[in-house]
> 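Below you'll find the structure I mean.
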Amino acid sequence: MPTPANYADGTLPAAVTPNAVAVDAGCSGNPGPMEYQGVHLLTGNRLFHFGPVHGTNNIGEFLAIVHALAMLDKQGLHDMPIYSDSATAQIWVRKRKCGTKLPRTPQTAPLLDLVARAELWLRTHSYRNPIIKWQTDQWGEIPADFGRK
């Protein structure tokens with residue numbers, strides 16, 4: 001399992017808020033084995049990790065944002081930004097609905113149940129954490145990246 005780099009040395013781009021969470025998903029194939037994680041930008045510490053499970057990258061990106069929102073909500077950190085490089089996942093979170101077309105099979109059922117739980121959380125909770133698009137073309141790979149490219 002790759003460990004995120006430590007960004008406490010000031011290597012984050014100046015435009016990035018360091019006291020924030022970066023999330024990302026990795027998937028081998030689409031669908032295929034998928035995992036996601038969240039990293040604290042200031043310290044580089046992994047805050048959470050899930051998977052691998054059979055799924056898609058977009059589902060992983062969506063679940064990573066919702067996981068970060070729920071974690072920050074529980075900690076009372078309602079203003080901490082979340083960075084994601086997935087425009088699709090950010091749209092799904094704003095709509096409070098995962099737009100996946102992944103068919104329900106015995107293999108995908110556990111993940112799709114988790115998606116339904118995440119959608120329920122979004123419908124029953126309000127959040128004010130900014131969800132910010134990570135600008136990969138300007139800033140390089142997001143610090144939560146799994147390094148599989």
Side-chain angles (χ1 to χ4, degrees), residues 1-5 7 12-13 15-17 20-41 43-149:
M1 186 77 44
T3 303
Y7 291 89
L12 282 172
V16 173
T17 301
V21 177
V23 299
D24 200 25
C27 194
S28 299
N30 204 24
M34 178 276 295
E35 60 189 318
Y36 69 78
Q37 65 183 351
V39 173
H40 185 247
L41 287 178
T43 64
N45 291 335
R46 179 184 284 156
L47 302 173
F48 57 83
H49 175 264
F50 178 80
V53 297
H54 189 76
T56 68
N57 196 70
N58 281 340
I59 291 174
E61 300 274 2
F62 169 79
L63 290 173
I65 295 172
V66 178
H67 192 139
L69 286 169
M71 179 194 74
L72 294 173
D73 182 66
K74 281 185 180 178
Q75 296 175 2
L77 299 172
H78 303 290
D79 296 315
M80 184 176 282
I82 299 167
Y83 286 91
S84 167
D85 61 8
S86 173
T88 298
Q90 290 180 37
I91 290 167
W92 291 355
V93 168
R94 277 195 304 275
K95 291 182 175 184
R96 302 185 187 301
K97 178 78 175 153
C98 180
T100 186
K101 304 283 191 252
L102 185 68
R104 179 175 281 275
T105 67
Q107 188 177 29
T108 62
L111 181 63
L112 293 176
D113 289 345
L114 187 58
V115 166
R117 193 171 133 203
E119 291 172 339
L120 177 63
W121 190 92
L122 288 169
R123 287 192 308 271
T124 58
H125 291 77
S126 60
Y127 64 88
R128 63 178 187 249
N129 302 83
I131 301 171
I132 303 167
K133 176 72 168 75
W134 183 266
Q135 302 298 325
T136 305
D137 58 334
Q138 298 171 34
W139 304 337
E141 289 300 331
I142 193 164
D145 185 67
F146 283 93
R148 294 189 184 137
K149 292 175 185 67

> For Asp79, enumerate each residue passing the salt bridge (Lys or Arg N to Asp or Glu O under 4.0 Å) test, keeping only those at least two apart in sequence or located in another chain.
Arg128
> Would Val39 and Val21 satisfy side chain to side chain contact (heavy atoms under 4.5 Å, CB included), going step by step from the backbone distance to the final call?
CA-CA 6 Å; Val39 173; Val21 177; over 6 Å; no
> Taking all non-hydrogen atoms of both residues into account, name the closest pair between Pro52 and Pro33 and its distance.
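Nearest pair, atom of Pro52 first, then Pro33: CB-CB, 4.3 Å.
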> Which atom names give the shortest non-hydrogen contact between Leu111 and Gly55, and what distance separates them?
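Where Leu111 meets Gly55 most closely, the heavy atoms are CD2-CA, 3.4 Å.
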> Quick one: pull up CD1 in Ile91 and CG in Asn58 and give me the separation to the nearest 0.5 Å.
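Ile91 CD1 to Asn58 CG: 10.0 Å, rounded to 0.5 Å.
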> Looking at residues at least two apart in the chain, or sitting in another chain, which of them share a ring-ring contact (aromatic ring centres under 6.0 Å, His included) with Tyr127?
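Partners of Tyr127 by the ring-ring contact (aromatic ring centres under 6.0 Å, His included) criterion come out as none, since no residue qualifies.
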> Within a strict 4.5 Å, meaning less than it, do heavy atoms of the Leu12 and Leu41 side chains meet?
yes
> Is the closest side-chain heavy-atom distance between Tyr83 and Val23 below 4.5 Å?
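No, too far: nothing below the 4.5 Å cut-off.
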> Below 4.5 Å, heavy atoms only, C-beta onward: do Ile82 and Ile132 meet side chain to side chain?
no
> Does the side chain of Leu102 come within less than 4.5 Å of Pro31's, by heavy atoms?
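Of all side-chain heavy-atom pairs linking Leu102 with Pro31, at least one is under 4.5 Å.
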> Quick check: does any side chain N or O of Glu119 sit under 3.5 Å from a backbone N or O of Cys98, one acting as donor and the other as acceptor?
yes
> Which heavy-atom pair separates Met80 from Ala20 by the least distance, and what is that distance?
CG-CA, 3.8 Å
> Once side-chain hydrogen bond (donor to acceptor under 3.5 Å, both in side chains) is applied, do any residues pair with Arg104, and if so which ones, sequence neighbours excluded?
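side-chain hydrogen bond (donor to acceptor under 3.5 Å, both in side chains) check on Arg104 returns Asp113.
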> Not counting sequence neighbours, which residues clear salt bridge (Lys or Arg N to Asp or Glu O under 4.0 Å) with Lys133? List them please.
none
> If you define the side chain from C-beta out and look only at heavy atoms, does anything of Val53 sit under 4.5 Å from Glu35?
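The answer is no, as the side chains (C-beta and beyond) never meet within the 4.5 Å cut-off.
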> Taking the side chain as every heavy atom from C-beta outward, state whether Trp92 and Thr88 have any atom pair closer than 4.5 Å.
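Yes. Closest side-chain heavy atoms under 4.5 Å.
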> So how far is it from Ile59 CD1 to Cys27 SG, rounded to the nearest 0.5 Å?
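Spacing of CD1 (Ile59) from SG (Cys27) equals 9.0 Å.
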> Out of curiosity, Trp134 CH2 to Gln90 CD, how far, rounded to the nearest 0.5 Å?
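Between atom CH2 of Trp134 and atom CD of Gln90 there are 12.5 Å.
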> Using a 3.5 Å distance criterion without hydrogens, assess whether the side chain of Gln37 forms a donor-acceptor pair with backbone atoms of Leu47.
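No: the side chain of Gln37 does not pair with the backbone of Leu47.
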> Strictly by side chain to side chain donor-acceptor pair (under 3.5 Å), give each pair with a member in residues 93-103 just once, sequence neighbours left out.
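Sorted result for residues 93-103: empty, none.
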> Under 3.5 Å, which donor-acceptor pairs do the side chains of residues 67-77 form with other protein atoms, sequence neighbours left out?
unit_1, atom_1, unit_2, atom_2, d
His67, ND1, Tyr36, OH, 3.0

> Run through Ile65, Asn57, Leu63 and flag the one making a side-chain contact (heavy atoms from CB on, under 4.5 Å) with Glu61.
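Considering Ile65, Asn57, Leu63, a side-chain contact (heavy atoms from CB on, under 4.5 Å) with Glu61 is found only for Asn57.
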> Does any N or O in the side chain of Thr105 come within less than 3.5 Å of the main-chain N or O of Thr108, such that one atom is a donor and the other an acceptor?
yes
